[in-house]
> 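Structure in structure tokens, see below.
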Amino acid sequence: MVDKLGDWVRTHTCGDLRGAQIGQNVLLLGWVHRVRDLGHLVFVDVRDRYGLTQIVVDGEHLRDRAKHLRAEFVIGVKGRVRARAPEALNPKMPTGEVEVQAVEIKTLSEARVPPFVIADEVTANDDLRLKYRYLDLRRPALQANLGLRHRVTLAVRKYFDAQRFWEIETPVLTKSTPEGARDYLVPSRVHPGEFYALPQSPQIFKQILMIAGTDRYFQIVKCFRDEDLRADRQPEFTQIDVEMSFATRELVFAAIEPLMRDIFQVIGRDIATPFARMSYADAIARYGSDKPDLRVGMAIADLSGGFADSTFSVFRDAVAGGGVVRGLVVPGAASYSRKQLDDLSAQAREMGAGGLVWARRSGDVVQSSALKAAGADAIAAVLAEAGAGATDLLLMAAGPAEATSKVLGALRLDIAKREGWLKPDEYAFVWVVDFPLLEWDGEEKRWVAMHHPFTSPIEAHMDRMEQEPGQVLAQAYDLVLNGSEIGGGSIRIHDNALQQRMFRLLGISDEDAKLRFGFFLEALEYGTPPHGGIALGLDRIVAILAGESSIRDVIAFPKTAQAVDLMSTAPTPVSLAQLRELRLKTDA
Ligand code: ASP
């Protein structure tokens, strides 16, 4: 039987009551978390966003009522706050000093038996949790994540407001502005056969806002990319999008570092600024990645010199063939067992390395998988060159420079993870700078923009774009935190002629450029301030702050890796009538 709410108004939330309220009459509203029936007494834990309060029910009439309550019923309780018996105090609960002795109980709505228990230890599988997202979201951990996300966006807005940025909305129904992924398209009913695209980012609009004189823009904005989903990506995600007129890279960094400081203040953490910086070339060579995790050291060292004339033909030939020998010192790992070393070699081979050579000291002797081939002196010399101490292990691989660093970089991360060296509450920021402007797309056989086509080359390289496209560096930067790219941006091209040269380099004909970007190229001709900006991934940042490994856990209604919303079941077929109205046919 369900009761009417009537004039019941809550006096407190389920997280409010403390010793100070003992003796007060209160009214609580919330969900039944748990019912414990002791026969003469029934305990009901009632829960809401703010916490959990224990209700005690005695007295025959009320007890019967309480015995009919089930998990997730919504109830109202009038009662009096009293101290718990000393043996019942629960210091782990903020309300653990008190309980409410019920005087009257209302059942405001009943609930079906939930498909999983609402508790922080998740036992249900992911698909079930997503289907019943409203139940999953009742878990305190997810409630806390939503609250954290709210506080972060609030901090972002406060920060930018204080810095005289304006939040300006850009359209969702727009023209395709490619960022390298596929667009989501929306058919136009009024213009049959024509389509809007959902923005992959507000890139062109924010640049046009600079031309429009708005000077400093930000927006917390949904972006859409129709990618084959890689791990932990969402087809729609949220960016903190930023653009500044008269910006230099330094000005952008100077705007973003204090923003990150404010964001981390939300969880009470002081982060150190300015952030470290590293060139893209260095990141690839020394960490095998353009998003190095700098919570651990273990930089990759070039050891090619020691093997140019070596008796160890594998390494000598690699160097002679234009390749490199590179090594990684793993601190304290000299004690690894034979099996651990074999596993590492197998892992390296799986990742495409020809092989992995290890070396270490054992007292005065050196040991190495290449001891016979290379000789003890050479191994001792290379251990010294790499800076390996008495208890360290040196891992070496040879081959083409980038591929070799990538293998060692992946081993570095794996080992660091396994050894527990990557602490989730330690934050290592680094700006990766000096990206190449272009990269060669082997499949399409053309140059593609490494960041996007609106990124400016560095001034000193502007004349060489056509002659040496592969050598040109961009005024682009990524912000990396603990091995995740949390943001990326650039100083933009603000000159029409340069923008057109860029399109030509990318194999976009002048006609095509006019068709796709004509409005933007024209805008560039009406007095464009030099400008630049960045976009930060809000979902990833909040996930890191929350200590969650997946961005799904900080998004209220995420989609699966197949881009499906399991709760609403989107995407779904639409009626023929709808298609006809849009003059669309499908052959699905
Ligand atoms: N629009 C870029 C992106 O979404 C960011 C930027 O260059 O500001 O990655």
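Every number for a ligand or one of its atoms is a count from 1 in the order of the listing. We use all heavy atoms of the structure for the numbers below, so side chains are in, but hydrogens, waters and symmetry mates are not.
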> Number the atoms of ligand 1 from 1 as they appear, then name those within less than 4.0 Å of a heavy atom of His451, with their elements.
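Every atom of ligand 1 under 4.0 Å from some heavy atom of His451: 7 (O).
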> For Gln200, is the nearest heavy atom under 4.0 Å from an atom of ligand 1?
no
> Classify the contact between Glu485 and ligand 1 as side chain, backbone, both or neither, using a heavy-atom distance cut-off of under 4.0 Å.
neither
> Which atoms of ligand 1 are found less than 4.0 Å from any heavy atom of Ala535?
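Result: 5 (C), 8 (O).
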> Could you see which bit of Glu243 sits under 4.0 Å from ligand 1, with heavy atoms only: side chain, backbone, both or neither?
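No part of Glu243 comes within reach of ligand 1.
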> Could you list which atoms of ligand 1 come closer than 4.0 Å to a heavy atom of Ser201?
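Under 4.0 Å from Ser201, ligand 1 has these atoms: 1 (N), 4 (O).
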> If we only count N/O pairs under 3.5 Å, is Asp241 in contact with ligand 1?
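In fact, backbone or side chain, Asp241 has no N or O that close.
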> Are Gln234 and Asp539 close enough that a side-chain donor and a side-chain acceptor fall under 3.5 Å?
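The criterion, which ignores hydrogens and geometry beyond distance, is not satisfied for Asp539 and Gln234.
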> Quick check on side chain to side chain contact (heavy atoms under 4.5 Å, CB included): which of Thr455, Leu473, Asp478 does Phe435 satisfy it with?
Asp478
> Which of these, Gln499, Gln475, Glu243, sits in a side chain to side chain donor-acceptor pair (under 3.5 Å) with Arg492?
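Testing each of Gln499, Gln475, Glu243 against Arg492, the sole residue satisfying side chain to side chain donor-acceptor pair (under 3.5 Å) is Glu243.
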> Would Ser490 count as being in polar contact with ligand 1, using the rule that some N or O on each side must be under 3.5 angstrom apart?
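Among all N and O atoms of Ser490, none is under 3.5 Å from an N or O of ligand 1.
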> I'd like to check which ligand 1 atoms, numbered from 1 as shown, lie under 4.0 Å from a non-hydrogen atom of Gly489.
6 (C), 7 (O)
> For Arg552, is there an ion pair with Asp126 - N to carboxylate O distance below 4.0 angstrom?
yes
> At less than 4.0 angstrom from any non-hydrogen atom of Lys206, what atoms of ligand 1 do you find?
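Near Lys206, the atoms of ligand 1 are 6 (C), 8 (O).
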> Does any donor atom in the side chain of Arg540 or Thr238 lie under 3.5 Å from an acceptor atom in the other side chain?
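Side-chain D/A pair, Arg540 to Thr238: absent.
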> Can a donor-acceptor pair be found between the side chains of Asp510 and Gln500 at a distance below 3.5 Å?
no
> Does Asp434 pair with Arg249 as a salt bridge, N-O distance under 4.0 Å?
yes
> Hey, is Gln207 touching ligand 1 through its side chain, its backbone, both or neither, going by heavy atoms under 4.0 Å?
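For Gln207, no heavy atom sits under 4.0 Å from ligand 1.
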> Using a strict 4.0 Å cut-off to heavy atoms of Ile534, name the atoms of ligand 1 that fall inside it.
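That gives atoms 8 (O) of ligand 1.
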> Assess, by modelled atom type and distance only, whether the side chains of Arg326 and Ser405 contain a donor and an acceptor separated by less than 3.5 Å.
yes
